Structure formats: C-alpha cells, structure tokens
**Q** 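First the structure, then my questions, so here it is.
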Amino acid sequence: MMKHALTRSFAFLLMTGLLYAAPAHAATAVAASPTSPRAADMAARLQPAEQQAVLQARPAPAGDGDGNAPGLLAWPGVPRLGLPVLRMPTFATPVQPGDGPPRPMLPWLALAATWDPDLARRAGVARARAEWLHGRAVLRVGGVDTLPSGRLQGGEDQVLAGSMAGMIGAGLLSGHVLPVFGSVAREEQVRADGAAPERGAPVRAADLAAHSLLGMATALEVAHGGAMLCGGMAPCHEVTGLAGMVHEAWHFPGMILSVPGGDLPGGGAPGSAPHGTDTAPALNAVATGVDMEQVSPDRPDVLGEMLRKAVRDGDVKPAQVQAMVTHILASFYMAGSLDHPPPFAAARTGVQPPPVDTLVGDVEAEGAVLLQNENRVLPFDPALGPVLVLVHPAMRGPADLLAEGLRHAGLNVTVVTAPEGAGATGTLPPACAQAARTLVLSASNDDNRMITTLAELGGHVAVVLTADDPDRQMPWLDAVDSVVQGWAWRDEYAQALSALLSGQQDFSGHLPVTLTGGLYPPGMVDANYRAFERAHVVPLFPFGYGLSARGRLVLSELHVAREGNHLNASFTLSNPGTAALRAVPQLYVETPPDLPGNPRRLAAWRSVMVAPGHPVRLSVPIGLRLVGQWNATGGNWAVAAGDYTLSLGFSSVMLVRHATLHLPALHVPATLENQPAPVVTAE
C-alpha cells in the first residue's frame, strides 16, 4: 500500500456551489443605504427617556408569548412612534437546539467545508423562517469575532469564515431577521495541547484590521447589513478604538452590541452589588462604542440607571445617546424588522413545525471531505462483495442508519459492535478477520487502537471521522485505504454519507481548517495554515484540501491584472475525465518578500461544476485590502509598491500556477461595500 504523503497526489479536489470571491469593488457602499437617514430621523423623534430605554434588551416578561423561556429578551420599541417590541435570545451562550445534546443549531464546520455561499444563504433563509415562527427578530451568527480566537466554528480563515457567515446573514436579512455577527467562548476549537491565544491585555482595533476584524467586516459586507457583537470571545473593552474603526473607517451605520455577563468595562460579575453612584462603567461603555446592552436579571446592567445619571451629570451628552439609538435603528431598518416584525401569535399558540428541508443532509453531502483514497476503495462497489461496518457502542445508532442507506444503494452491509476497550489483537469481533472491506465510524482518538488492529488483519479499511476535531490523531493513516472527514454526527447525515460512500454522489468538500494530527511546530500559538506556512511545515492535511473519487481537474493560463482598487485573476479550468466534477480552485496572495507582514493568505475562490471536454475560463476579483497594511492615520489600507504573487491551486499548499504583478504604492478605502450576490462569471 502506498504511504501517505501530501506530495504524492495532485488529486484535484472538487466540490459544489456558486462563485465567491473576496469582497473587492461594488457600486454602492453600505453606509450609503437609505436606512441611515431614516434611522437618524427616527432617533431624533424619540424623547430622551425613550432613547435611553431602547439602548437595552431586557428579559421578556412572563406571559409574553413564550417570554418565560430562559434567555429570551425583549427590545422595548417605541409604540408611540410605531416601533414594535422585538424579541431575541440572549447571546451569552452558544445557540442550542430545544432538545437533544448540546450542539450548534447550524453544522458550522460542515457548512464551511462546502465553500458554497449559496448553501450558506439557504441556511440563513431556513433559520430566518424558524426564528420568525418563534416570534424572534434577531439571531447571533458565529464563525467570526472581534478578537483573534484560534479556530472558530466557521473555520480558521477570516475571508472564508466571514464570507460564509455573511451569506448566512444575507439569508436572515431576506426574512427580516437581524444577524448579529460574533462568537462566544465555547464555540472555539481548543487545541489538543491546550494552548490558547492570550486575551488579557487590551489590543488596538488597528492591530486587528487585517486579522479578526477582517472576518467581521467581510461578514457585514457580504450580508449587506447586520450588527456586531463585541462581548463574545472578546469583552468590549479589550478592543480599543473599535467604534472609530467601525463607524468612521468602515462607515458602517449599524450597532455594536454587548452580551450580558460583565463583558462591558466595569460591568461586574455574577452576584455583584449595584454600582450605586458609580457611572464609570457606563462612561467606559459609551467610549468603547457599545450601542445596545443585553441585560441579565442576575447581573448589574450598565446602560440603564448608570447611563441616565451620567447624562444628568453632563458626562455623556444627549447627542451621544442619540447617535447610539441611530446605530440601533439603522441595524433594525437594514433587516426590515421594524417594518415587518414577526408576529407573537405563533409563539403564543404553539409553533407549527417548519416544512421538511434537506438542508442539513445537503450540507454533509457537499461538506464531507475525502482525505485519502488508496486503491480506490471508495466508492464501495456492490460487485466486490459485502461491507462490514465496525463501531464502538456509542456509534451503533448512526451505524445502523448509515447501513440502511448503503443497503438501499445495493450494498450488502453488516453492522458489528466492538466492545468498549477493544483494540488489541483478538479483541475485535470474529467477523473482522473475514471481512474484505470494513468501514469504521470513529468519533474520537479512543478508536485509534481498534483501527490499527483492524488494518493489521489485511482487509481494505475505510474510516469516516464523525467529530469536528482539527487535532484528531491518525497513527493508522498509512495502514488504511480511505479516510473521510464527515464532521460531528447528525442523523440527517446518514442518507448523504451513504450516497457518497456508494458513489451515487461525488465527494466535493474541502477543509475549512488545518488537520494537524495534534502536532505543532515549537512555539506555534495559532494552528492555522498561515502559522504552518510561517514555520515552513506541511501539516497532516492542509487548509482547503479535499479529493474527488471520480477524477481530477487541470488549472492553466493564470493571468492577473489590476483594475482600480482590486485585482482581476483569470484562469482556465479543464476536466480531462468522463464525469462532471465540482471544483473549488483557490487563489492565494503573497506580499513581496522584502515587506514585513503576513504570509500567504486566501484571497478568493470559485465553486463551479465542470463538464468533461469543455474548458471554462473563469474570472475572479480580489480586493487589494488583502495585501495592504492598515493605515491608522488615514483610516484606509496602504499597499506598498512591489511585486505581489498570486498562486492558484486546490489547497493552501497544493498550488500549481503562479503569477506576479507589480503594484505601485496605493491607498485603498476601508468603506464597506455592498457585494452583489455571488454568481459564476465565465469569460
């Protein structure tokens, strides 16, 4: 059997969806939206007491629909002016389903692995429908955050995560639900060695402009609106100059929101006493740029009595409060929530179940990543005999569901359960010794010994990884034939995975995270692809990687030209095989070697179906902000003169075409731009 090595294979990775390129240029800026003057006019019509009241979302009163549900908050609106009450969940904790084990409502990493903006928008539309049925008008979208957070659920790259989060937001906005972009602590993928980014000291927003705030800006830009959460991974006061970045440099008219729980400067801790005459927390919150506060009943609030006293004392000017209200109203107007509020009737009378949707199964079908396929074991061929499915007891339910789907595809499948702790020679079920082909569903490193022993029996072994673990160890990698990253198990995945494993559908997912195997170069703080590039180390499986079981694609004729404040990269994509394939060619950009700064980073990608024998010439715009350094003085991006390299390939390390372009010194505006809906553009 061939040994595993990334360099052995230029197997060209394929997948589904529509185009997405990093935000570049557009005709209309977000700040020019008609919501801005409308919000300012409405804010001016509010009386001072009304202005201060709408700075908070407070626990919904019992009896208000499902207002007695824990964590449900109500923004009071202003009935006198026709501004309705709007309800939202608290954002202090990760979003969870109403029943079942804790997990995100959206299968985040699986969705990011599709690299499919259209599917992300569809996910947002589905969530908007569900929120509307529950009478809620605001939803937090994770995947991006204000502070660098290691590896969030949306993946490790700001452009990819921001784009996918933005498309979810666009889907929410289409249903008049306001997306609030930001993450919370428990949504971070913790490294296997326990290392985590330091978050103790304040950091300037200017220092984050090309990092975490790039993801946030991308999400707001792609969604064409929304709001920001600064109390998730990052308490609001840890990012200094955030308001100036958001409102003055980006020209974003919407709000910055803080979660309950003491994340505001001086906001206190659980059970702490009221602040009395101390207005410092309110002053700090206003200075930080917080516009709205979510209030918790067991923690002191900041933008209530403390802020009212600060206004009475003259420490906060009425114009500052009015500006905060304007930001809040602008976000709600972007969503249409004030003009089309969700009815409370559904929440009071019982929510009707949403229509049957194949969304989650489609996410797995496009997001499952084929990592290895020696001897072309996948897809399973019914003519080659039966398939044994081997699992530990905890995975027996998923194995039965998957086996049922494989049987419908014509395969002879038997499921056997290995006893807990099985792994040493002689401890596996007897059927394993006779099986020519065995499929293992593996959720953790606890299965590693079992997989190694199984591979030593001599049959063909395929492993499906059923957890979102970028640091999953694979000591058995060289001994097995096929490996699939299948993401954290959901029962809706069974049908999609059976279609992939049986060949009814091709694998088309690509990794949104680096699979490290739990190994990092010494001193590495982050475990993303840029850190590995900086350390000159090839990881176990790189960011962007993924194989097809049906064929390969060829990239050629890369050309790059500057057009104003963006680059335009064009290239040809050919399919020499006999089956149509979905491809995700990726463009990475590198600054000149003599410039300090960032290593190679994702700049844009396409997701397109390619028919055999019909080469496609594609064109992709790339924003110059991705190669610039933040200019804090001018509030824009400074692009240094020099030779910039664009590389094209199928992962962050499998780059097969390169083009160099000389750029003069440039200053690129930071204003957020409304991006058109992603479409495939062929020359």
Side-chain angles (χ1 to χ4, degrees), residues 21-26 29 148 157-160 162-163 203-218 221 239-242 244-246 248-251 525-526 528-536 543 558-571 586-605 619-649 652-653 655 657-673 675:
H25 70 301
D157 180 81
Q158 292 88 2
V159 174
L160 175 63
S163 302
V203 58
R204 298 186 311 156
D207 296 333
L208 303 176
H211 303 287
S212 54
L213 287 180
L214 175 63
M216 188 70 76
T218 300
E221 192 169 48
V239 183
T240 61
L242 181 62
M245 175 74 74
V246 172
E248 297 171 21
W250 294 356
H251 294 175
V525 176
D526 297 315
N528 58 37
Y529 72 98
R530 305 182 75 203
F532 276 90
E533 166 73 13
R534 207 161 23 233
H536 304 289
F543 173 83
L558 173 63
H559 298 288
V560 181
R562 177 189 160 209
E563 297 178 4
N565 286 329
H566 77 286
L567 305 178
N568 189 68
S570 59
F571 55 91
Q586 303 156 35
L587 281 156
Y588 293 81
V589 63
E590 257 179 288
T591 55
D594 58 337
L595 290 180
N598 304 319
R600 180 189 305 137
R601 77 176 313 151
L602 179 69
W605 73 90
S619 180
V620 181
I622 299 168
L624 281 177
R625 69 181 70 171
L626 295 178
V627 298
Q629 298 292 320
W630 180 251
N631 174 19
T633 302
N636 54 30
W637 295 95
V639 178
D643 294 329
Y644 292 79
T645 301
L646 270 291
S647 299
L648 176 67
S652 60
V653 302
L655 301 171
R657 295 289 180 267
H658 308 273
T660 299
L661 180 70
H662 182 83
L663 293 177
L666 298 167
H667 287 280
V668 179
T671 304
L672 301 186
E673 300 166 328
Q675 285 299 105

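Because the structure is predicted, anything quoted here is derived from the model rather than measured. All values below come from the heavy atoms of this structure, side chains included, with hydrogens, waters and symmetry mates left out. In what follows, residues are counted from 1 in the order of the sequence shown.
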**Q** Consider only side-chain N and O atoms of Y588 and E590, and report whether a donor and an acceptor are under 3.5 Å apart.
**A** no
**Q** Would you confirm whether N528, through its side chain, and R530, through its main-chain N or O, come within 3.5 Å as a donor-acceptor pair?
**A** yes
**Q** Are the side chains of N565 and W637 in contact, using a 4.5 Å heavy-atom criterion?
**A** no
**Q** Taking the side chain as everything from C-beta on, heavy atoms only, tell me whether H251 gets closer than 4.5 Å to L672.
**A** no
**Q** Given side chain to side chain contact (heavy atoms under 4.5 Å, CB included), test V203 with T240 step by step and report yes or no.
**A** CA-CA 6 Å; V203 58; T240 61; over 6 Å; no
**Q** Which heavy-atom pair separates L624 from G564 by the least distance, and what is that distance?
**A** CD1-O, 3.9 Å
**Q** Suppose the criterion is salt bridge (Lys or Arg N to Asp or Glu O under 4.0 Å): which pairs have a residue in residues 632-641, not counting sequence neighbours?
**A** none
**Q** If every non-hydrogen atom of A569 is compared with every non-hydrogen atom of V560, which pair is closest and at what distance?
**A** CB-CG2, 4.1 Å
**Q** Please work out which of the three classes, parallel, tilted or perpendicular, describes the rings of F543 and Y529, given edges at 30° and 60°.
**A** parallel
**Q** What are the two closest non-hydrogen atoms of P621 and H566, and how far apart are they?
**A** CB-CD2, 3.8 Å
**Q** Which heavy-atom pair separates I622 from L587 by the least distance, and what is that distance?
**A** CD1-CD1, 4.1 Å
**Q** Given the rule in the side chain to side chain contact (heavy atoms under 4.5 Å, CB included) test, do V653 and F532 qualify, once you have shown the distances and angles that lead to the verdict?
**A** CA-CA 10 Å; V653 302; F532 276 90; over 6 Å; no
**Q** Is there a side-chain contact between E533 and R601 (heavy atoms, below 4.5 Å)?
**A** no
**Q** Write down the atom of W605, the atom of L160, and the distance for their closest heavy-atom approach.
**A** CH2-CD1, 3.7 Å
**Q** Give a yes or no answer on whether the side chain of R657 reaches the backbone of S647 with a donor-acceptor pair at less than 3.5 Å.
**A** no
**Q** Can you tell me how far the CD atom of Q586 sits from the CG atom of L648, to the nearest 0.5 Å?
**A** 9.0 Å
**Q** Quick check for you: to the nearest 0.5 Å, what is the distance between L208 atom CG and M216 atom CE?
**A** 10.5 Å
**Q** Report the C-alpha distance between L242 and L213 in whole Å, list the side-chain angles of each, state the deciding distance to 0.1 Å, and finish with yes or no for side chain to side chain contact (heavy atoms under 4.5 Å, CB included).
**A** CA-CA 9 Å; L242 181 62; L213 287 180; 4.1 Å; yes
**Q** For the CG atom of D594 and the CG atom of D643, what is their distance to the nearest 0.5 Å?
**A** 8.5 Å
**Q** What's the verdict on side chain to side chain contact (heavy atoms under 4.5 Å, CB included) for Y644 and L595, showing C-alpha distance, side-chain angles and the deciding distance?
**A** CA-CA 10 Å; Y644 292 79; L595 290 180; 3.8 Å; yes
**Q** Rounded to the nearest 0.5 Å, how far apart are OG1 of T671 and CG of N636?
**A** 9.5 Å
**Q** Measuring from atom CG of D526 to atom NE2 of H211, what distance do you get when rounded to the nearest 0.5 angstrom?
**A** 9.5 Å
**Q** In the structure I gave you, are the side-chain heavy atoms of M245 and W250 within less than 4.5 Å of one another anywhere?
**A** yes
**Q** Might you point out which heavy atoms bring V159 and S163 nearest each other, and give the distance in Å?
**A** O-OG, 2.5 Å
**Q** When you compare the side chains of S570 and H559, does any donor N or O come within less than 3.5 Å of an acceptor on the partner?
**A** no
**Q** Can a donor-acceptor pair be found, under 3.5 Å and without considering hydrogens, that links the side chain of E221 to the backbone of E673?
**A** yes
**Q** State, with a plain yes or no, whether a side-chain heavy atom of L646 is found less than 4.5 Å away from one of H658.
**A** no
**Q** Just wondering, do S652 and L602 contact through their side chains at under 4.5 Å, heavy atoms?
**A** no
**Q** With R204, which residues qualify under salt bridge (Lys or Arg N to Asp or Glu O under 4.0 Å), at least two apart?
**A** D207
**Q** Quick one: does R600's side chain get under 4.5 Å of L655's, heavy atoms only?
**A** yes
**Q** Is there a side-chain contact between L567 and L663 (heavy atoms, below 4.5 Å)?
**A** yes
